[in-house]
Amino acid sequence: MKALSHLIVRNIKMFFRDKGMFFTSLITPAILLVLYSTFLGNVYEDTFVSMMQGVSIPDKLLRGLTGGQLVSSILSVSCVTVAFCSNFLMVQDKTNGSIDDLKITPVSTSVLSLGYYIASFLSTLIICLFASAICFAYLGVVGWYLAPLDAVMFFVDVLLLVMLGTAVSSVVNFFLSTQGQISAVGAIVSSCYGFVCGAYMPLSQLSDWLRNSAAFLPGTYGTSLLRTHAMSGAIAELGTIGVPEEVLDAIKQTVDCELRFFDIDVSYVFKYAVLGAAVVIFMAVYVAMNIFRKGRRS
């Protein structure tokens with residue numbers, strides 16, 4: 001246990017000491033927030049206004065509704081992409097030979113793997129919690145409509161997505177061993193993940209086969225949960241000013257607060273079940289791969 005704790009501390013320090021990797025992970029959510037609010041904010045606002053059937057909406061409420069969609073999109077992506085960045089330390093140790101120095105110590109390979117896993121999770125969680133604080137500050141400026149329970153569940157969603165991102169990145173990075181592979185995987189994840197999880201473009205705007213395919217990905221349900229908790233307060237406020245119930249339902253479906261899996265409505269509990277099951281499965285795969293590698297070496 002003492003060796004594990006030292007490895008975790010060492011890996012966290014190494015990650016935060018790497019200024020390029022750290023600032024890239026930290027600044028990315030802030031940059032996305034600026035880009036989203038600058039280039040997509042008006043588009044989202046126009047979309048919501050066009051759905052209101054002539055009901056006048058206060059500017060603060062409209063900005064709060066749009067802000068909820070923006071911050072949920074940013075964090076649903078960041079929780080996974082930052083996990084890949086923090087987990088690249090494991091690959092870098094292979095590249096620069098540091099892993100060989102660690103292996104000659106009286107520490108088992110399983111402890112080394114667990115040290116990388118826990119350190120990656122903690123590093124990612126620290127950055128994503130900081131990013132969440134920035135997003136909450138943004139909502140406080142443009143329009144805060146989150147109920148206390150929604151705010152708490154928002155952080156629960158972030159925690160689950162960080163766990164998912166750490167588990168998936170650990171499985172993928174297990175097979176990487178060069179700097180070029182790190183760059184390639186980082187570019188693919190950063191550019192593609194936001195689309196396949198419904199963060200950059202709601203799944204409701206995609207074709208049927210793309211929407212149904214995305215429903216097999218656990219990140220899709222994480223995005224939906226974040227969006228539900230970030231926007232439910234503003235959507236409820238719309239109801240109090242006279243927006244018809246059918247319009248509110250249409251908004252929820254448009255922004256993926258409500259998902260359909262092959263024309264079957266996905267329940268709130270089922271989303272958490274899928275997300276939790278995915279975390280357990282990927283963690284089990286990571287453990288199995290390390291056991292298999294240890295057996296081959298023996």
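Partners of Phe84 according to the ring pair (Phe, Tyr, Trp, His ring centres under 6.0 Å) rule, which considers only residues two or more places apart in sequence or in another chain, do not exist here. Under the side chain to side chain donor-acceptor pair (under 3.5 Å) criterion, Lys252 pairs with no residue, sequence neighbours left out. In this structure Thr220 satisfies the side chain to side chain donor-acceptor pair (under 3.5 Å) test with no other residue, sequence neighbours excluded. With sequence neighbours excluded, the residues forming a salt bridge (Lys or Arg N to Asp or Glu O under 4.0 Å) with Asp265 are Arg260, listed by chain and number.
A distance of 5.5 Å separates CG of Leu164 from CG of Leu275, quoted to the nearest 0.5 Å. One finds the CD1 atom of Ile134 at 9.5 Å from the CD1 atom of Ile74 (value rounded to the nearest 0.5 Å). Distance CD/Glu237 to CG/Leu62: 13.0 Å, rounded to 0.5 Å. Atom OH in Tyr193 sits 10.5 Å away from atom OG in Ser78 (nearest 0.5 Å). Leu159 contributes atom CG, which lies 10.5 Å from atom SG of Cys128 (distance to the nearest 0.5 angstrom). To the nearest 0.5 Å, the span separating CG on Asp256 from CD on Gln69 amounts to 8.5 Å.
Residue pairs meeting the side chain to side chain donor-acceptor pair (under 3.5 Å) criterion with at least one member in residues 135-153, sequence neighbours excluded, are Asp150-Ser232. Every pair passing side chain to side chain donor-acceptor pair (under 3.5 Å) that includes a residue from residues 158-173 is listed here, sequence neighbours excluded: Asn87-Ser169, Asn87-Ser170.
Of the listed residues (Leu75, Leu226, Ile127), just one forms a side chain to side chain contact (heavy atoms under 4.5 Å, CB included) with Ser132, and that residue is Leu75.
One hydrophobic cluster holds both Val266 and Phe216 under the rule that ILVMFWY side chains link at heavy-atom gaps under 4.5 Å. By the criterion of side-chain heavy atoms lying less than 4.5 angstrom apart, applied directly or through intervening Ile, Leu, Val, Met, Phe, Trp or Tyr residues, Phe175 is grouped together with Val168 in one hydrophobic cluster. Note on Leu129: it clusters hydrophobically with Leu122, by side-chain heavy-atom contacts below 4.5 Å among ILVMFWY residues. There is no path of hydrophobic side-chain contacts, each under 4.5 Å, that joins Val152 to Phe130. Residue Leu160 is not grouped with residue Val280 when hydrophobic side chains (ILVMFWY) are merged at heavy-atom distances under 4.5 angstrom, including chains of intermediate members.
Among all heavy-atom pairs drawn from Tyr268 and Leu225, the shortest one is CE1-CD2, 3.9 Å. Here the shortest heavy-atom pairing between Gln253 and Glu258 reads CG-OE1, 3.6 Å. The minimum heavy-atom distance linking Cys257 with Ile235 is given by the pair SG-CD1, 4.5 Å. Taking every heavy atom of both residues into account, Gly68 and Leu139 meet most closely at N-CD2, 3.7 Å. Residues Val196 and Ala214 approach most closely at O-CB, 3.6 Å, considering heavy atoms. When all heavy atoms are compared, the tightest approach of Arg227 to Ser72 is NE-OG, 3.2 Å.
Aromatic pair Phe155/His229: ring centres not closer than 6.0 Å. Taking the ring centroids of Phe121 and Tyr117, they lie at or beyond the 6.0 Å cut-off.
Checked by atom type and distance alone, the side chain of Thr223 pairs as donor or acceptor with a backbone atom of Cys197 at under 3.5 Å. Side chain of Ser123 to main chain of Ile12: no donor-acceptor pair is present (N/O by atom type, distance under 3.5 Å, no hydrogens or angles). Formation of a donor-acceptor pair under 3.5 Å by the Tyr221 side chain with backbone atoms of Ala215 is found in this model.
Ring pair Phe136/Phe154 is tilted by interplanar angle, where 30° to 60° counts as tilted.
Looking at heavy atoms from C-beta onward, Leu248 lies in side-chain contact with Glu245 at the 4.5 angstrom threshold. Thr81 is not listed as a side-chain neighbour of Cys85, based on a closest heavy-atom distance of 4.5 Å or more. In this structure, Ser113 and Tyr286 have side chains that are in contact, with non-hydrogen atoms separated by less than 4.5 Å.
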| request: Begin from the C-alpha positions of Phe48 and Thr254 and carry the test side chain to side chain contact (heavy atoms under 4.5 Å, CB included) through to its verdict. | output: CA-CA 10 Å; Phe48 291 134; Thr254 299; 5.9 Å; no
| request: Please step through side chain to side chain contact (heavy atoms under 4.5 Å, CB included) for the pair Tyr116 and Leu7, ending with a clear verdict. | output: CA-CA 8 Å; Tyr116 284 120; Leu7 283 170; over 6 Å; no
| message | Evaluate Leu238 against Leu65 for side chain to side chain contact (heavy atoms under 4.5 Å, CB included), listing each step before the verdict. | response | CA-CA 9 Å; Leu238 289 174; Leu65 186 67; 3.9 Å; yes
